[in-house]
2 protein chains.
Amino acid sequence: MAARETNPSFMNGVPELLILRLLQQDEMYGYEIVQAIRSRTDTVISVGEGVVYPVLHGLERDGALASRRRTVKGRSRIYYSVTAVGSHRLADLSKTWSNMAAAIQRMLMGGQHAEGIQ
Amino acid sequence: MAARETNPSFMNGVPELLILRLLQQDEMYGYEIVQAIRSRTDTVISVGEGVVYPVLHGLERDGALASRRRTVKGRSRIYYSVTAVGSHRLADLSKTWSNMAAAIQRMLMGGQHAEGIQ
DNA sequence: TTGCAATGCCTCGAACCTCGAGGTACTGTA
DNA sequence: TACAGTACCTCGAGGTTCGAGGCATTGCAA
């Protein structure tokens, strides 16, 4: 009971968006993505491997990502890159995200309604 | 099978944030909140009654909201208002949201890392 | 008067996502 | 030899949202 430490988690769908974005800039592998998100957001956002791998598999299944196995320094890695489908998907998600974030921001800042600022 | 029409849903936790924010400005009732969110965001964001009522009940249970029943024009409504606890909670959620939204925005816009824009 | 849309409240199950823990395997180093 | 780090993966629990459906009342139009 009591106020359970329910973490806000505004995260729904965000991992997919960020992963797509990162892979559009650089070919990367799962383990690397987990750390890249942490470091590039100064740990504000942190997605575990339990989230990244399933998302990676799902995106590949949908044809949004392509993968190739490479061995670097005795380490086997699976590098992912964005396909045309994935690129289109990123554009969509990105746009949707921006619209929603802007709408929310407006509500948090703005006064009553979308009244004339006069 | 095929690509399931999975709506992006970047929505996690957002309903609670918006509801708290609206109620901080005006005392409102459930049905009204549903429409207020739709209209103030130009339908960019739309939360159904199936989301609003449970959230309202949960927030009240946690002491973040106070309610009082009023009958207006033969219509019985339950008006909610934010308590001190709720106000504090809104501040927290608001801050968390801003941080995350900013971090994501940075990743979507920015180049590689947090490089000098120069 | 009948009928239907809108107002208002509420709940339930399906579907979805994320989290954290736990597993396997290999390399490098103390 | 042992442990930390790299690298992959899966599973169950827990939390949210969605959509449909239910109930009751008021108001307006046919």
Side-chain angles (χ1 to χ4, degrees), chain A residues 1 3-19 27-39 43 45-62 65 67-80 93 96-97 100 104, chain B residues 1 3-19 27-39 43 45-62 65 67-80 93 96-97 100 104:
Chain A
M1 315 344 176
R4 187 183 272 44
E5 176 55 60
T6 315
N7 64 330
S9 91
F10 296 104
M11 302 295 306
N12 228 307
V14 169
E16 182 176 325
L17 174 63
L18 297 184
I19 288 171
E27 191 184 37
M28 293 174 99
Y29 53 99
Y31 192 82
E32 186 183 10
I33 293 174
V34 171
Q35 301 172 98
I37 292 179
R38 255 191 269 269
S39 73
T43 72
I45 294 174
S46 179
V47 283
E49 297 174 37
V51 171
V52 170
Y53 287 114
V55 168
L56 246 19
H57 300 157
L59 286 174
E60 181 172 29
R61 177 175 45 67
D62 292 350
L65 295 181
S67 69
R68 66 179 176 124
R69 168 169 257 109
R70 269 212 296 168
T71 297
V72 179
K73 295 219 253 183
R75 234 117 209 179
S76 182
R77 301 170 176 168
I78 299 175
Y79 283 84
Y80 292 88
L93 291 180
T96 301
W97 163 264
M100 295 189 53
I104 292 169
Chain B
M1 317 335 171
R4 187 183 274 50
E5 176 54 62
T6 315
N7 64 330
S9 92
F10 295 104
M11 302 295 303
N12 226 306
V14 169
E16 183 177 323
L17 174 64
L18 297 184
I19 289 172
E27 191 184 37
M28 294 174 99
Y29 52 98
Y31 191 81
E32 187 183 10
I33 293 175
V34 171
Q35 300 171 99
I37 292 178
R38 255 192 269 272
S39 73
T43 72
I45 294 175
S46 179
V47 282
E49 297 175 37
V51 171
V52 170
Y53 288 114
V55 168
L56 245 19
H57 300 156
L59 286 174
E60 181 172 28
R61 176 176 45 68
D62 291 349
L65 294 182
S67 69
R68 64 180 178 123
R69 168 169 258 109
R70 268 212 297 168
T71 297
V72 180
K73 293 222 255 184
R75 234 115 208 182
S76 182
R77 301 170 176 167
I78 299 175
Y79 283 84
Y80 292 88
L93 291 179
T96 301
W97 163 264
M100 295 189 54
I104 292 169

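Here the structure is a predicted model, which is why all the values come from computation and not from measurement. Throughout, protein chains are lettered first and strands after them, A, B, ... in sequence-line order, and every chain is numbered starting at 1.
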Task: Between P of C/dC9 and CZ of B/Arg70, the distance in whole Å - done: 12 Å
Open item on the list: From the set D/dT16, D/dG5, C/dT18, return the single nucleotide nearest to any side-chain atom of A/Tyr31.
Closed with: D/dG5
- [ ] May I ask you to say what B/Glu49 touches in the nucleic acid, namely base, sugar-phosphate or nothing, with a heavy-atom cut-off under 4.0 Å?
- [x] base
Open item on the list: How many whole angstroms separate atom CZ of B/Phe10 from atom C1' of D/dC18?
Closed with: 17 Å
TODO: Under 4.0 Å between any heavy atoms, over every strand shown, what does A/Gly74 touch: base, sugar-phosphate, or nothing? Just pick one.
DONE: sugar-phosphate
TODO: State whether B/Arg77 and B/Glu32 are salt-bridged, where the test is any N-O pair (Lys NZ or Arg NE/NH1/NH2 against Asp/Glu carboxylate O) under 4.0 Å.
DONE: no
Open item on the list: By nearest heavy atom, map B/Tyr29 and B/Val51 onto DNA chain C; which one lands nearer the 5' end?
Closed with: B/Tyr29
Open item on the list: Categorize A/Arg75 for me: base, sugar-phosphate, or nothing, with a 4.0 angstrom heavy-atom threshold over every strand shown.
Closed with: base
- [ ] Just do the side chain to side chain contact (heavy atoms under 4.5 Å, CB included) check on B/Tyr79 and B/Val72 with the steps written out, would you?
- [x] CA-CA 11 Å; B/Tyr79 283 84; B/Val72 180; 4.1 Å; yes
Open item on the list: Distance check needed: C/dC10 P versus B/Leu56 CG, whole Å only.
Closed with: 8 Å
Open item on the list: Within the 4.5 Å heavy-atom criterion, are A/Leu17 and B/Phe10 side-chain neighbours or not?
Closed with: yes
Task: Of the listed nucleotides C/dT18, C/dC19, C/dT11, the one nearest the side chain of B/Tyr53 - done: C/dT11
Task: Separation of atom CZ in A/Arg38 from atom C1' in D/dT6, rounded to whole Å - done: 14 Å
Task: Heavy-atom side-chain proximity of B/Ile19 to B/Val47 below 4.5 angstrom - done: no
Task: Rounded distance in Å - CE (B/Met28) to C1' (C/dC9) - done: 16 Å
Task: Options D/dT10, C/dC9, D/dA7, nucleotide nearest the side-chain atoms of A/His57 - done: D/dT10
TODO: Starting at atom NZ of A/Lys73, determine the distance to atom C1' of D/dA7, rounded to an integer number of angstrom.
DONE: 15 Å
- [ ] Identify which nucleotide among C/dT18, D/dT17, D/dA7 has an atom closest to any side-chain atom of B/Pro15, counting heavy atoms from C-beta outward.
- [x] D/dT17
- [ ] Could you check how far CG of A/Asn12 sits from P of C/dA15, rounded to whole Å?
- [x] 17 Å
Open item on the list: Please report the distance, rounded to the nearest Å, between CZ in A/Arg77 and C1' in C/dC26.
Closed with: 13 Å
Open item on the list: Between A/Trp97 and A/Val14, is the side chain to side chain contact (heavy atoms under 4.5 Å, CB included) condition met? List the steps.
Closed with: CA-CA 9 Å; A/Trp97 163 264; A/Val14 169; 4.1 Å; yes
